[in-house]
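These notes are about the structure you will find just below.
Because the structure is a prediction, the values reported are computed rather than measured.
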Amino acid sequence: MAEQVDVVVIGLGVGGEEAAGRLAEAGLNVVGIEPRLVGGECPYYGCIPSKMMIRAANLIAETRRVDGMAGTATVQPDWAPVAKRIRDEATDNWNDQVAVDRLVKKGVTFVREHATITGPRSVKAGDREFEASKGIIVATGTVPLVPPIDGLAGTPFWTNQDAVRVETLPASLIVLGGGAIGVELTQVFARFGVAVTVVEGAERILSMEEPESGDLAREALERDGVTVNTGVHASKVAHDGNSFTVTLDDGRSVSAEKLLVATGRRVDIKGLGLDQVGLDADARRIEVDEHVRAADGVWAVGDVTGVGAFTHTAMYQANIAVHDILGTQDAPLARYHAMPRVTFTDPEIGAVGLTEKQAREHGLNIATGVTQIPSSSRGWIHKAGNEGFIKLVVDTDRGVLVGATSAGPTGGEVLSALAIAVHAAVPVHSLQQVIYAYPTFHRAIGDALKDLF
């Protein structure tokens, strides 16, 4: 006999946990189902521990910048306190009991099982079946994408999860993939003394961002001693029990003690039973409308929607699903034109909305404005480690920003002003009238505006 409930949430990463908790607090009978860690990738293997790693690595870099500016300093990198902080402070040694207790305290019935949709509003989890009167939220996230490279399967390669859990660093590392995850982890390990080689198939690292961002990130990595190979693919992987050798498609080969595969992520929805609600179980993502509805009585939030593999996207969509399920008057609708994203390298590279290339592909008439952070007063004051730029992409027909990049010592923080401008379609004329505090990094926005026309 199926248990009668209001909502079943399948997957309790940040989006699913948020939606389940808020719906339960609103008085609904909610069941949350998760076979792995409640909280998902972000608190255990992504955002939180990786930023702890980055914070530690950046402290090393800042110490090395003392010379010539504030005396002399030396630093001896030690990974042990970093690994301990991740284990003790961030993840409770990868135990989610605190998260489970938090969810249950809000009134959610927690089930640690794999879930299968068996029909409209029907879900099976282990030996329990649930009938959800209001519907189902799917928030099953993504898993690391492992490319079908000859010889890779069966070797002890790392994914980002292994990289975060490591307690003893290798002497050398090959990183396959020059996206955000790959370059962030590359810089961390390089600053702790690991000899890192990056292999990226695109012509630039961070290839989905502005070309200037990829060039800036590459220069930063190379200053940290990283060997960056772009425009080449791994064609073969071999492991001899002690080290990896990766053969590239240009005939060269690179070797290292460890291999990190950071070539992206993919949805894993086969076996979820999506066909029972009229959805394609073999799709690369679950498509949703502006209410994040995927089908009648089915909502999807987070990475599984393919909109953006970011915690803030999952939280944003969860909020929309909650309001839609509760029937909130004037409920918010999903709009992704001002999607922010930050690559937490040093310098940080923040971006929002469209790149110049994307805007032109959309058929927009475009003007761009660029300024270099070292030429700003705050950049000049900062001196060591002041690399970066601000780039604005303007739709000249409408007179509004449709995209922007903020790279620099606080690039992700400066991005907030630009994200608001893109989101709210603030006229460029209004932005030009803003009083930007002096001397700040964000004042460079005004300089980029002057460069527009």
Side-chain angles (χ1 to χ4, degrees), residues 11-15 17 34-61 77-99 141-146 152 155-198 205 221 224 226 244 256-266 268 302-303 309-312 314 341-346 348 412:
L12 295 172
V14 289
E17 182 183 2
E34 173 58 68
R36 297 182 292 267
L37 295 171
V38 172
E41 190 79 4
C42 178
Y44 300 101
Y45 300 109
C47 328
I48 305 303
S50 71
K51 303 313 170 279
M52 286 181 170
M53 295 162 67
I54 290 165
R55 168 65 173 152
N58 288 356
L59 283 172
I60 292 172
D78 181 3
W79 186 252
V82 185
K84 184 177 188 302
R85 187 181 183 208
I86 291 170
R87 184 178 60 249
D88 295 350
E89 296 181 29
T91 68
D92 287 340
N93 202 21
W94 291 272
N95 184 309
D96 66 351
Q97 191 59 53
V98 170
T142 54
V143 296
L145 172 64
V146 180
L152 178 61
T155 65
F157 65 85
W158 285 357
T159 66
N160 68 296
Q161 293 192 358
D162 302 289
V164 165
R165 295 184 74 124
V166 67
E167 298 206 7
T168 302
L169 296 183
S172 55
L173 174 70
I174 299 167
V175 178
L176 298 185
I181 295 174
V183 299
E184 286 179 359
L185 293 175
T186 288
Q187 189 172 59
V188 166
F189 290 131
R191 288 182 166 182
F192 274 89
V194 180
V196 187
T197 299
V198 174
I205 57 176
L221 294 184
D224 287 325
V226 177
F244 285 88
E257 183 180 339
K258 297 292 183 181
L259 172 66
L260 168 61
V261 177
T263 50
R265 300 183 67 83
R266 64 176 180 83
D268 185 19
D303 293 9
F310 309 116
T311 292
H312 47 269
R341 55 218 181 256
V342 182
T343 301
F344 291 88
T345 46
D346 174 20
E348 282 184 0

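Here the OG1 atom belonging to Thr186 is positioned 11.5 Å from the CD1 atom belonging to Ile174, to the nearest 0.5 angstrom. Interatomic distance, Ile54 CD1 to Leu185 CG, rounded to the nearest 0.5 Å: 7.0 Å. Rounding to the nearest 0.5 Å places CG of Asp268 at 11.5 Å from CG of Leu145. Once rounded to the nearest 0.5 Å, the distance linking OG1 of Thr155 with NZ of Lys258 reads 10.5 Å. Between Asp78 atom CG and Phe192 atom CZ the span is 8.0 Å, to the nearest 0.5 Å.
Salt-bridge annotation for Arg191 and Asp346: present, with a side-chain N of the basic residue lying under 4.0 Å from a carboxylate O of the acidic one.
Across every non-hydrogen atom of Val196 and Ala190, the tightest pair is CG2-N, 3.9 Å. Shown here for Cys42 and Pro49, the closest heavy-atom pair between the two residues is O-CD, 3.5 Å. Ala262 and Gly182 make their closest contact through CB-CA, 3.9 Å (heavy atoms, listed as atom of the first residue, atom of the second, distance). Here the closest heavy-atom approach between residue Pro77 and residue Ile60 is recorded as CB-CD1, 3.8 Å. The shortest heavy-atom contact between Val166 and Ala83 is O-CB, 3.9 Å. When all heavy atoms of Glu17 and Gly39 are compared, the pair lying nearest together is OE1-CA, 3.6 Å.
For Lys51, the NZ atom sits in a packed shell: over 12 heavy atoms of surrounding residues, nucleotides or ligands are nearer than 6.0 Å.
You'll find the side chain of Phe244 reaches within 4.5 Å of the side chain of Pro156, heavy atoms only. Looking only at side-chain heavy atoms (C-beta outward), Ile205 and Leu221 come within less than 4.5 Å of each other. The side-chain heavy atoms of Asp162 and Tyr45, taken from C-beta on, include no pair separated by under 4.5 Å. No side-chain heavy atom of Phe344 sits under 4.5 Å from any side-chain heavy atom of Asn58. Within the 4.5 Å cutoff, the side chain of Val194 has no heavy atoms near those of the Glu257 side chain. Here the side chains of Arg36 and Tyr44 are not in contact, with every heavy-atom distance at 4.5 Å or above.
Ring-plane geometry between Trp79 and Phe189 is classed as tilted, the angle between the planes lying from 30 to 60 degrees on a 0 to 90 degree scale.
Paired with Val198 under the rule side chain to side chain contact (heavy atoms under 4.5 Å, CB included), one option of Leu173, Val183, Leu260, Val226 passes, and it is Val226. Residue Glu41 forms a side-chain hydrogen bond (donor to acceptor under 3.5 Å, both in side chains) with just one option from Asn160, Thr142, Thr311, and that option is Asn160. Screening Lys84, Arg85, Arg87 against Glu167 for a salt bridge (charged side-chain N to carboxylate O under 4.0 Å, His left out) leaves a single residue, Arg87.
Using a distance-only test at 3.5 Å, with no hydrogens or angles considered, a donor-acceptor pair links the side chain of Thr159 to the main chain of Gln161. Between the side chain of Asp224 and the backbone N or O of Gln187 there is no donor-acceptor pair closer than 3.5 Å. Between the side chain of Thr343 and the backbone N or O of Ala180, no donor-acceptor pair lies under 3.5 Å. In this structure, Ser50 contributes its side chain and Val164 its backbone to no donor-acceptor pair below 3.5 Å.
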Could you go through the side chain to side chain contact (heavy atoms under 4.5 Å, CB included) check for Leu259 and Leu152 one step at a time? CA-CA 10 Å; Leu259 172 66; Leu152 178 61; 3.8 Å; yes
